[in-house]
Amino acid sequence: MKAEALVSDIQRCSFDDGPGIRTTVFFKGCNLHCPWCHNPETIPRSRVLLYAQDRCVHCGICAIKCPEKLELPLRGEVSCSGCRGCVCPEGALRVSGRTMTAEQICDVIIQDRDFYASSGGGVTLSGGEPLLQWETCLQIADFCHKNGIHVLLDTAGCADAAVFDSVAEAVDEFYFDFKLPPELYGSVCGGNFELIRRNLERLISGGRNYTLRVPLIPGYSAEPENARVMAEYAAKIGVKKVHLLPFNPLAQSKYSQMGKSYKFKGESFMDKSQLEALHAIWQEQIADTSVKE
């Protein structure tokens with residue numbers, strides 16, 4: 001296996017990224033820039049230092065151990081080898097971004113094969129946008145299928161048709177993000193919605209196993225009128241299954257640790273009545289709609 005990828009993290013024993021017990025590979029790099037991103041450290045296609053200042057005891061160990069003599073502690077994007085020599089004993093500093101071969105990733109995946117088999121689980125390719133590192137995704141999927149391991153692709157679908165189709169043929173299931181009414185994508189999240197539309201319709205027409213995943217974001221998809229437009233659009237193109245993902249403000253700490261401002265500071269978890277109202281809007285159009293908390 002020769003393909004390499006920049007990986008933010010590999011999370012074993014995950015219960016939130018598909019059926020059963022899973023290993024989730026979080027790839028670095030995303031071609032969208034959603035202001036509510038729950039994993040902002042995965043957006044840059046470069047290494048990122050996250051510095052939790054409240055945990056720092058100013059021991060200086062991170063700077064002493066850094067072979068590149070960076071003036072640590074730092075936060076945000078950095079040019080370094082990603083050796084992780086600066087890892088803090090107090091958990092105040094961590095690195096998002098390490099280069100791994102497909103073989104190294106698969107060495108981690110295979111360790112929990114028995115758990116996948118007993119729980120109906122498998123591997124989830126997530127990010128970031130995994131399709132930006134599609135060659136590695138293909139090699140991982142090929143390895144998993146040879147070992148009887150289920151593969152789920154968690155994607156926003158903003159990829160060239162040839163790339164999307166090649167990876168789509170190699171995986172078993174899809175979580176496909178649908179973030180906004182189509183006309184708002186470019187101004188809020190960026191990307192090319194025509195690519196997203198084409199790739200989603202490809203899954204639908206091909207009879208693939210997919211779920212449309214909708215983050216409910218204050219001021220955006222959680223606004224009733226926007227929700228209605230999105231639900232009607234999804235129903236029109238033939239979507240049959242939807243997961244609604246309530247807004248979660250806990251990502252705020254990551255933005256602080258990266259030295260970035262958080263647009264949704266002060267927002268709280270969504271209340272039950274608001275969730276029920278949005279659920280009703282979606283369920284009116286697509287019966288198999290559920291809220292995933």
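Numbers here simply count residues along the sequence, with the first being 1.
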Practice task
Drop me the distance from L216's CG to L278's CG, to the nearest 0.5 angstrom.
Solution key: 5.5 Å
Handout entry: Greater than 12 external heavy atoms within 6.0 Å of Q111's CD
Key = yes
Fill in the blank from the handout: Between G127 and F26 the two heavy atoms that sit nearest each other are O-CD2, 3.7 Å
Problem - Nearest-0.5 Å distance that lies between atom CD1 in I10 and atom CD1 in I109 - result: 7.0 Å
Practice task
Would you indicate whether the side-chain heavy atoms of T42 and F27 approach each other to under 4.5 Å?
Solution key: no
Practice task
For atom CG of D271, decide whether the heavy atoms of other residues, nucleotides or ligands shown that lie under 6.0 angstrom number more than 12.
Solution key: yes
Handout entry: Close side-chain approach of M100 to R98, heavy-atom, < 4.5 Å
Key = yes
Handout entry: Side-chain heavy-atom pair R94, C88 within 4.5 angstrom cut-off
Key = no
Practice task
Using the rule that two of Ile, Leu, Val, Met, Phe, Trp, Tyr join whenever any of their side-chain heavy atoms come within less than 4.5 Å, decide whether L195 and L132 are in one cluster.
Solution key: no
Practice task
Please check if any side-chain donor atom of S8 sits under 3.5 Å from a side-chain acceptor atom of S96, or the reverse.
Solution key: yes
Exercise for the section: Would you indicate whether the side-chain heavy atoms of L49 and L72 approach each other to under 4.5 Å? Expected result: yes
Side-chain donor-acceptor contacts of residues 50-61 below 3.5 Å, not counting sequence neighbours, with atom names and distances?
unit_1, atom_1, unit_2, atom_2, d
Q53, OE1, R75, NH2, 3.3
R55, NH1, G91, O, 3.1

Exercise for the section: Verify the neighbour count for atom CD of E71: are there more than 12 heavy atoms of other residues, nucleotides or ligands below 6.0 Å? Expected result: no
Handout entry: Residue pair C34, V188: steps toward the side chain to side chain contact (heavy atoms under 4.5 Å, CB included) verdict
Key = CA-CA 7 Å; C34 308; V188 177; over 6 Å; no
Problem - Side chain proximity check, Y210 to L152, heavy atoms < 4.5 angstrom - result: no
Practice task
Using distance alone, with no hydrogens and no angle criterion, decide if E129 and T155 have a side-chain donor and acceptor under 3.5 Å apart.
Solution key: yes
Problem - Value rounded to 0.5 Å, distance of CD1 in I196 from CD in E201 - result: 12.0 Å
Problem - Point-to-point distance, once rounded to the nearest 0.5 Å, from CG of L6 to OG1 of T136 - result: 10.5 Å
Problem - Closest non-hydrogen atom pair between G157 and N199, with its separation - result: O-ND2, 2.8 Å
Practice task
Verify the cluster assignment for F143 and V25: are they in a single hydrophobic cluster under the rule of side-chain heavy atoms below 4.5 Å apart?
Solution key: yes
Handout entry: ILVMFWY network linking I110 to V108, side-chain heavy atoms under 4.5 angstrom
Key = yes
Completion exercise
C189 and L180 have their tightest heavy-atom pair at SG-CD1, 3.6 Å
Practice task
Could you tell me how the ring of W282 sits relative to the ring of F178: parallel (under 30°), tilted (30 to 60°) or perpendicular (over 60°)?
Solution key: perpendicular
Problem - Note: R22-D17 ion pair, threshold 4.0 Å (strictly below) - result: no
Problem - Sidechain-backbone polar pair: D160 side chain, A162 backbone, donor-acceptor under 3.5 Å - result: no
Handout entry: C144 side chain near I140 side chain, heavy-atom distance below 4.5 Å
Key = yes
Solution key, residues 234-249 side-chain donor-acceptor pairs under 3.5 Å, sequence neighbours excluded:
unit_1, atom_1, unit_2, atom_2, d
H243, ND1, R213, NH1, 2.9
N248, OD1, L250, N, 2.9

Practice task
Determine whether S14 and I21 make a side-chain contact, defined as any pair of heavy atoms from C-beta on separated by less than 4.5 Å.
Solution key: no
Problem - From R47, K28, Q104, residue fulfilling side chain to side chain donor-acceptor pair (under 3.5 Å) relative to T99 - result: R47
Problem - Inter-residue atom distance L125.CG - C137.SG, 0.5 Å rounding - result: 5.0 Å
Practice task
May I ask you to check whether E77 and S46 show a side-chain donor-acceptor distance below 3.5 Å?
Solution key: yes
Problem - I43 with I217, same ILVMFWY side-chain cluster at under 4.5 Å - result: no
Practice task
Give a yes or no on whether W134 and F176 share a hydrophobic cluster (residues Ile, Leu, Val, Met, Phe, Trp, Tyr; joining criterion: side-chain heavy atoms under 4.5 Å apart).
Solution key: yes
Practice task
Verify the distance criterion only: is there a donor paired with an acceptor across the side chains of Y116 and T23 at less than 3.5 Å?
Solution key: yes
Practice task
Output yes when a side-chain donor or acceptor of H279 lies under 3.5 Å from a complementary backbone atom of V291, and no otherwise.
Solution key: no
Exercise for the section: Check the pair H145, H150 against side chain to side chain contact (heavy atoms under 4.5 Å, CB included), reporting the backbone distance first and the verdict last. Expected result: CA-CA 7 Å; H145 288 150; H150 176 273; over 6 Å; no
Exercise for the section: Tell me, with the steps shown, if F174 and T211 meet side chain to side chain contact (heavy atoms under 4.5 Å, CB included). Expected result: CA-CA 6 Å; F174 303 81; T211 302; over 6 Å; no
Exercise for the section: State, with a plain yes or no, whether a side-chain heavy atom of Q257 is found less than 4.5 Å away from one of Q252. Expected result: no
Fill in the blank from the handout: Interatomic distance, CG@L212 vs CD1@I286, rounded to 0.5 Å, equals 7.0 Å
Completion exercise
Scanning both residues in full, the closest heavy-atom pair of A222 with P218 reads CB-N, 4.0 Å
Handout entry: Least distance between heavy atoms, G191 atom then C158 atom
Key = CA-SG, 3.9 Å
Practice task
Count the heavy atoms belonging to other residues, nucleotides or ligands that lie under 6.0 Å from CZ of F115, then report whether that count exceeds 12.
Solution key: no
Practice task
Return yes if some donor-acceptor pair links the side-chain N/O of D9 with the main-chain N/O of Q11 below 3.5 Å, else return no.
Solution key: no
Problem - Closest heavy-atom pair and its distance - I64, K69 - result: O-NZ, 4.4 Å
Handout entry: Listed once per pair and sorted, the side-chain hydrogen bond (donor to acceptor under 3.5 Å, both in side chains) pairs that draw on residues 214-225, sequence neighbours left out
Key = Y220-K263, E225-R228
Handout entry: Polar side-chain atom of Q285 near backbone of I281 as donor-acceptor pair, under 3.5 Å
Key = no
Exercise for the section: Kindly determine whether F164 and R198 satisfy side chain to side chain contact (heavy atoms under 4.5 Å, CB included), including the steps that lead there. Expected result: CA-CA 10 Å; F164 186 87; R198 181 266 177 201; 4.3 Å; yes
